[in-house]
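This report concerns only the one structure given below.
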Number of protein chains: 2
Amino acid sequence: MQTISREDYLKAILKIEEESGTVSNQALVEKLSTRPASVTNMLHTLADAGWVEHLAYKGVHLTQTGKAIALSTLRKHRLWEVFLVEKLNFNWDEVHQWAEDLEHVGDEELTNRLDAFLDHPAFDPHGDPIPTAQGQWSDGRNLLPASQADVGDRIQLKGVVNSGEAFLQHLNRLGIKLGLTLEVLQALEFDGSKTLKWPDGTEASLSKQTLQNMLIERVEIKSNKR
Amino acid sequence: MQTISREDYLKAILKIEEESGTVSNQALVEKLSTRPASVTNMLHTLADAGWVEHLAYKGVHLTQTGKAIALSTLRKHRLWEVFLVEKLNFNWDEVHQWAEDLEHVGDEELTNRLDAFLDHPAFDPHGDPIPTAQGQWSDGRNLLPASQADVGDRIQLKGVVNSGEAFLQHLNRLGIKLGLTLEVLQALEFDGSKTLKWPDGTEASLSKQTLQNMLIERVEIKSNKR
DNA sequence: GACATTTTTTAGTCTTGGCTAAAAATAGAC
DNA sequence: GTCTATTTTTAGCCAAGACTAAAAAATGTC
């Protein structure tokens, strides 16, 4: 049985809290692919540890301590992902599971040394911001989903909404990776798809679904648009 | 409760098998600081997995599979130790416990990439040989304990018998690390201690105990001795 | 070769996190 | 506001690896 650590629960609660404000057991069941009873159980454990406040039937939220632990774990996870991609040459779709294990190894000291060794990266291989040792993680950037880009824009991929293996591999097959700049040639109103042009001149059409999961920055906005 | 993994048991069995041929439960109890009942329990588990052959009251030994897993785990452990020392700048006395955790992360692929990243090191930070991906670990060297060095020898530290934290820190305080070359100035018959000379000219006397735990190579043998 | 000592095993529990099934509480529909 | 559907909790159990205490086997001594 693959067990889910207390820290994994904290990370999940943190993410759900950010996405949707309120954290239901159901949401945790889905995010962690587990069972309702397991969630209730773990929430008791976390509450006993003082890491969350839990009101039965009313949801859960992180305490200061809980949030600090969640951010620290996220920091470790993302730093290890950088290590795996930058140093061991894994692809961005291959690193999540190993990082899930690595994040439970080492203390703050080890993490800070890893951070220094990696030259204090600000973002992980999926473009997600890496919290600092002080638990700050303001993502200064203002990214938008590629689905909101206009015809004529030149856009650069800076992150993904969904960093599941399947989606990342889909991007791999399309030759899309972080930092790639694309030009929006055409937008189809009826299905939300867009035709994009690669730096090498090839063109392809991406579905609305795919575009919504790509977080981009506009690098150049077509001049005749405001 | 700090739990000992199946792989940790295999590593311990491997080491005891090499040191003393036959592996008693008692030896495992000591090596792993656990209880007799826990050992018996685990040996059943390992036997069921086909990793050891266990005859009640008669001792245990590794199967082919068990030995391969033990060597693979040892390889991971030692490679991670190299990483922690070479890349994250930890001291040799600080890395064992983290490596104990890291060795359980990743598969053969990850290990091989780590190996390549580290430039295929042959020895870990304590001078212990690192098994290859094929499970070979012939230590070509013929090291001897410093207690056997003669007056006039110039000796180079290549390994340690005991890589416990306390002993390594003792060596740290003496300014002794792997690769250091020392000259044997004097040997006291009655307590086995020796006076050694550092490259910087300072001298100090080491106890028999300490010398026995230092594995050295003679780099120059005093000419007037055979 | 009998007796005492040491080693190993058995029996029975604990802990953490997981599960299913059923009960209880909440929320949604009319 | 009652009734149904959904969500959450409770109750009871599983599995791994650990532990203690007691029984059984092996070893060593004379």
| Atom CG of A/L28 and atom C1' of C/dG17: how far apart are they, to the nearest Å? | 15 Å
| request: Have a look at A/S5 and say if it touches a base, only the backbone sugar-phosphate, or nothing, with a 4.0 Å heavy-atom cut-off. | output: nothing
Under 3.5 Å between N/O atoms: give me all the protein pairs with nucleotides 4-6 of chain D, atom names plus distance.
none

| Whole-Å distance separating the CG atom of A/N25 from the C1' atom of C/dA25 | 12 Å
| task | Would you mind reading off the distance between B/L55 atom CG and C/dT8 atom P, rounded to a whole angstrom? | result | 13 Å
Check nucleotides 25-29 of chain D against the protein and report each pair of N or O atoms closer than 3.5 Å, with its distance, or say if there are none.
residue: D/dA25; atom: O4'; partner: B/Y57; partner atom: OH; Å: 3.3

| task | Would you mind telling me which of B/K76, B/R75, B/K11 makes a salt bridge (charged side-chain N to carboxylate O under 4.0 Å, His left out) with B/E103? | result | B/K11
Could you go through nucleotides 1-5 of chain C and list every protein N or O atom that sits under 3.5 Å from one of its N or O atoms, giving the distance for each pair?
none

| query | Given A/K208 and A/D191, is the side chain to side chain contact (heavy atoms under 4.5 Å, CB included) satisfied, shown in steps? | reply | CA-CA 7 Å; A/K208 183 177 181 183; A/D191 68 353; over 6 Å; no
| request: Can you sort out the partners of B/S24 under side-chain contact (heavy atoms from CB on, under 4.5 Å), two or more places apart, ordered by chain and number? | output: B/Q26, B/A27
| Can you name the nearest heavy-atom pair linking A/I155 to A/A146, along with the distance? | CD1-CB, 4.4 Å
| said: Minimum heavy-atom separation for A/V105 and B/W98, please, with both atom names. | reply: CG1-O, 4.0 Å
| request: Hey, could you give me the OG/CG distance between A/S38 and A/N25, rounded to the nearest 0.5 Å? | output: 11.0 Å
| said: Test of understanding: with salt bridge (charged side-chain N to carboxylate O under 4.0 Å, His left out), list the residues that count as partners of A/E19, not counting sequence neighbours. | reply: A/K31
| query | Can you name the side-chain contact (heavy atoms from CB on, under 4.5 Å) partners of B/E94, sequence neighbours left out? | reply | B/F90, B/N91
| Does a side-chain N-to-carboxylate-O contact under 4.0 Å join B/E17 and B/K67? | no
| Can you name the side-chain hydrogen bond (donor to acceptor under 3.5 Å, both in side chains) partners of A/T22, sequence neighbours left out? | none
| query | Nearest to the side chain of B/R6 - D/dG17, C/dT9, D/dT7? | reply | D/dG17
| request: Under 4.0 Å from any atom of DNA chain C, heavy atoms only: list the residues of residues 96-104 of chain B that qualify, in numerical order. | output: none
| Residues that B/T210 engages under side-chain contact (heavy atoms from CB on, under 4.5 Å), provided they are two or more places apart | B/F167, B/H170, B/L171, B/L206, B/S207, B/M214
| request: Go through residues 34-50 of chain A and report each residue with a non-hydrogen atom lying under 4.0 Å from DNA chain D, sorted by number. | output: A/P36, A/A37, A/T40, A/H44
| query | Looking only at atom types and distance, does a side-chain atom of B/K194 sit under 3.5 Å from a main-chain N or O of B/S147, one as donor and one as acceptor? | reply | yes
| query | Listed in order of residue number, which residues of residues 8-20 of chain A have a non-hydrogen atom at under 4.0 Å from DNA chain D? | reply | none
| task | Dump the intermediate steps for side chain to side chain contact (heavy atoms under 4.5 Å, CB included) on B/E217 and B/L143, then the final yes or no. | result | CA-CA 6 Å; B/E217 230 168 43; B/L143 306 183; 4.0 Å; yes
| said: With side chain to side chain contact (heavy atoms under 4.5 Å, CB included) as the test, pick out the partner of A/I13 among A/V23, A/D8, A/L32. | reply: A/V23
Report, one line per pair, each donor and acceptor closer than 3.5 Å where one atom sits in a side chain of residues 121-129 of chain A; sequence neighbours left out.
residue: A/D124; atom: OD1; partner: A/H126; partner atom: N; Å: 2.6
residue: A/D124; atom: OD1; partner: A/G127; partner atom: N; Å: 3.1
residue: A/D124; atom: OD1; partner: A/D128; partner atom: N; Å: 3.0
residue: A/H126; atom: ND1; partner: A/E81; partner atom: OE1; Å: 3.2
residue: A/H126; atom: NE2; partner: A/W92; partner atom: O; Å: 2.8

| said: Distance check needed: D/dC19 C1' versus B/L32 CG, whole Å only. | reply: 16 Å
| message | Working to the nearest 0.5 angstrom, can you tell me the gap between A/H54 NE2 and A/L43 CG? | response | 4.5 Å
